[in-house]
Amino acid sequence: KRQAAADAEAERRRQAATEAERQRQAAAEAERQRSLAARPRQLAYSTPGATATFPVAVQTNARLIVAGGSDGGIKAWDVANGTPREFSGTKHTDAISAISMSPDDQQIVTGAWGGEIIVWSLNGTAQRFRAADAGDSKTPGRRWVVATEFTTPTRFVSVLSDGTAQVWDTRTPGAVVGEFRLNASGIKAADISRNGSTVATGTDTGGLTLFRTSDGQQIRQLPSHRDWILALAFASNVDLLGSGSADGIWSCTSTGATK
């Protein structure tokens, strides 16, 4: 009996030591993952012909980050491990100037300096839309795509540099299903709220204006920058707008817009 009790005690201690080691290893791995998550990760957009990365979009579940390049192509990375995902065989003929992801995270819409829009599916297919006449940087009066945003999994809005806003549906390729004019000129940046109700524009004079997407009417003007607007981004709702300008000031502005 004494031997059996001793054997049982030895087994209990062995199991306790094994469990303690398992917990130690699990804690060490959890700490390693926290450290990796906190450490900035640099992802390189390296494809032939790409000299710069322009717009960037992130999935709503933060699992994928997508960038548009100066070569007209896009590239994606798994946020957790940095594994790249290529979208080969399709690209714009000019540099990408706008990018966003659909609410279901299954599609990416990009706009380019040449006025073309492409909807890329994560399954590898792509649809092309023509928002403006093609042109290059030397074309007088050329219009380019300054913003694209999905408002539903199949419908998206694009804004051109001359203030033309267009509504598209991926189920009717190539056809504009709605169009309206924004009373703004010199647009250098724009963003569309996720609920599709509001367009924000930033101009080369630093002006910030909100418009309704239903009819293109101005909602209000916001406090201006002193130089042209380089970037705009709505928060997840329509009440907060971030803006960056050549005056070196980033600001977050309460829009006061109705949802």
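Position 1 is the first residue of the sequence; numbering continues from there.
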A.B. asks: Donor-acceptor pair, distance only, cut-off 3.5 Å: does the side chain of S97 make one with the backbone of G111?
C.D. replies: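 Present.
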A.B. asks: How long is the span from the CG atom in L241 to the CG atom in L210, to the nearest 0.5 Å?
C.D. replies: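 It comes to 6.5 Å.
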A.B. asks: Is it the case that one hydrophobic cluster holds both I96 and I118, taking links as side-chain heavy atoms less than 4.5 Å apart, direct or via other members?
C.D. replies: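 Yes, because I96 and I118 connect within a single hydrophobic cluster, where side-chain heavy atoms sit under 4.5 Å apart.
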A.B. asks: Under 4.5 Å between any side-chain heavy atoms of P103 and R194, yes or no?
C.D. replies: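 They are in side-chain contact.
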A.B. asks: Identify the two heavy atoms, one from A190 and one from L232, that lie closest to each other, and give their separation to 0.1 Å.
C.D. replies: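 Looks like CA-CD1, 3.9 Å.
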A.B. asks: If you look at every heavy atom in V145 and A131, which pair is closest and at what distance?
C.D. replies: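 So the two residues come closest at CG2-CB, 4.3 Å.
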A.B. asks: Are R181 and D162 close enough that some pair of their side-chain heavy atoms sits under 4.5 Å apart?
C.D. replies: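 SC-SC contact between R181 and D162 confirmed.
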A.B. asks: Taking a hydrophobic cluster as the set of Ile, Leu, Val, Met, Phe, Trp and Tyr residues connected by side-chain heavy atoms closer than 4.5 Å, whether directly or through intermediates, do I192 and V167 fall within one such cluster?
C.D. replies: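 Same hydrophobic cluster.
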A.B. asks: Just verifying a value: how many Å separate N195 CG and T151 OG1, rounded to the nearest 0.5 Å?
C.D. replies: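 One gets 9.0 Å once the value is rounded to the nearest 0.5 Å.
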A.B. asks: Does I74 share a hydrophobic cluster with M101, counting links as ILVMFWY side-chain heavy atoms below 4.5 Å and allowing steps through other members?
C.D. replies: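 In one cluster: yes.
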A.B. asks: Indicate the ring-plane relationship of F156 and W168, choosing parallel, tilted or perpendicular according to the 30° and 60° boundaries.
C.D. replies: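 Geometry flag for W168 against F156: parallel rings.
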A.B. asks: So which heavy atom on S121 is nearest to which on F87, and how close?
C.D. replies: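 Scanning both residues, the minimum pair turns out to be O-CE2, 4.0 Å.
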A.B. asks: State, with a plain yes or no, whether a side-chain heavy atom of E116 is found less than 4.5 Å away from one of D94.
C.D. replies: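 The answer is no; the side chains never approach within 4.5 Å.
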A.B. asks: Keeping T201 on the side-chain end and I187 on the backbone end, is there a donor-acceptor pair under 3.5 Å?
C.D. replies: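 Not a single qualifying donor-acceptor pair exists.
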A.B. asks: So, does S161 use its side chain to make a donor-acceptor pair with the main chain of W144 at under 3.5 Å?
C.D. replies: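 Yes.
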A.B. asks: Return the minimal non-hydrogen interatomic distance between P84 and K75, and the atom names on each side.
C.D. replies: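 Looking at all heavy atoms of both residues, the closest pair is CB-CE, 3.8 Å.
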A.B. asks: To the closest 0.5 Å, what do you measure between CD (Q23) and CD (Q25)?
C.D. replies: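 So the gap between those two atoms works out to 11.0 Å.
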A.B. asks: Test side-chain contact (heavy atoms from CB on, under 4.5 Å) on T110 and T148 and set out the steps.
C.D. replies: CA-CA 7 Å; T110 56; T148 56; 5.9 Å; no
A.B. asks: How long is the span from the CZ atom in F180 to the CG atom in D215, to the nearest 0.5 Å?
C.D. replies: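 That separation rounds to 8.5 Å.
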A.B. asks: For a 4.5 angstrom cut-off between non-hydrogen side-chain atoms, does V146 reach L160?
C.D. replies: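 Heavy-atom side-chain distance check fails, nothing below 4.5 Å.
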A.B. asks: How long is the span from the OG1 atom in T90 to the CH2 atom in W120, to the nearest 0.5 Å?
C.D. replies: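 It comes to 6.0 Å.
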A.B. asks: Please indicate whether R226 has more than 12 foreign heavy atoms, meaning atoms of other residues, nucleotides or ligands, lying under 6.0 Å from its CZ.
C.D. replies: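 Not buried by this count: 12 neighbours or fewer within 6.0 Å.
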A.B. asks: Hydrophobic clusters here meaning ILVMFWY residues chained together by side-chain heavy-atom distances under 4.5 Å, can you tell me if V157 and I117 are in one?
C.D. replies: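 In one cluster with V157: I117, no.
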A.B. asks: Answer yes or no: is there a side-chain heavy-atom contact under 4.5 Å between R12 and Q15?
C.D. replies: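 The answer is no; the side chains never approach within 4.5 Å.
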A.B. asks: Heavy atoms, side chains only, cut-off 4.5 Å: are D104 and F150 in contact?
C.D. replies: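 No, side chains not in contact.
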A.B. asks: Can you measure from CG (L182) to OG1 (T164) and round to the nearest 0.5 angstrom?
C.D. replies: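 Rounded to the nearest 0.5 Å, the CG-OG1 separation comes out at 8.0 Å.
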A.B. asks: Counting C-beta onward and ignoring hydrogens, is there a side-chain heavy-atom pair between T83 and R85 closer than 4.5 Å?
C.D. replies: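 They are not in contact (no side-chain heavy atoms under 4.5 Å apart), so the answer is no.
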A.B. asks: Measure across G207 and I229 and return the closest heavy-atom pair with its distance rounded to 0.1 Å.
C.D. replies: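 Looks like O-CG1, 3.9 Å.
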A.B. asks: Less than 3.5 Å apart, any donor N or O on the side chain of R212 or S197 sitting next to an acceptor on the other?
C.D. replies: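 No, because no side-chain N or O of R212 sits under 3.5 Å from a partner of the opposite role on S197.
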A.B. asks: Please check: side-chain N/O of S193 versus main-chain N/O of T198, any donor-acceptor pairing under 3.5 Å?
C.D. replies: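 Yes.
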A.B. asks: Ignoring hydrogens and geometry, is there a side-chain-to-backbone donor-acceptor pair from T170 to T154 under 3.5 Å?
C.D. replies: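 A pair under 3.5 Å: yes.
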A.B. asks: So which atom in S243 and which in H225 form the shortest heavy-atom distance, rounded to 0.1 Å?
C.D. replies: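 Answer, listing the atom of S243 first, then H225: OG-NE2, 2.8 Å.
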A.B. asks: State plainly whether one hydrophobic cluster holds both V66 and L122, where clusters connect Ile, Leu, Val, Met, Phe, Trp and Tyr through side-chain heavy atoms under 4.5 angstrom apart.
C.D. replies: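 Same cluster.
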A.B. asks: Within a strict 4.5 Å, meaning less than it, do heavy atoms of the P153 and Q106 side chains meet?
C.D. replies: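 No, too far: nothing below the 4.5 Å cut-off.
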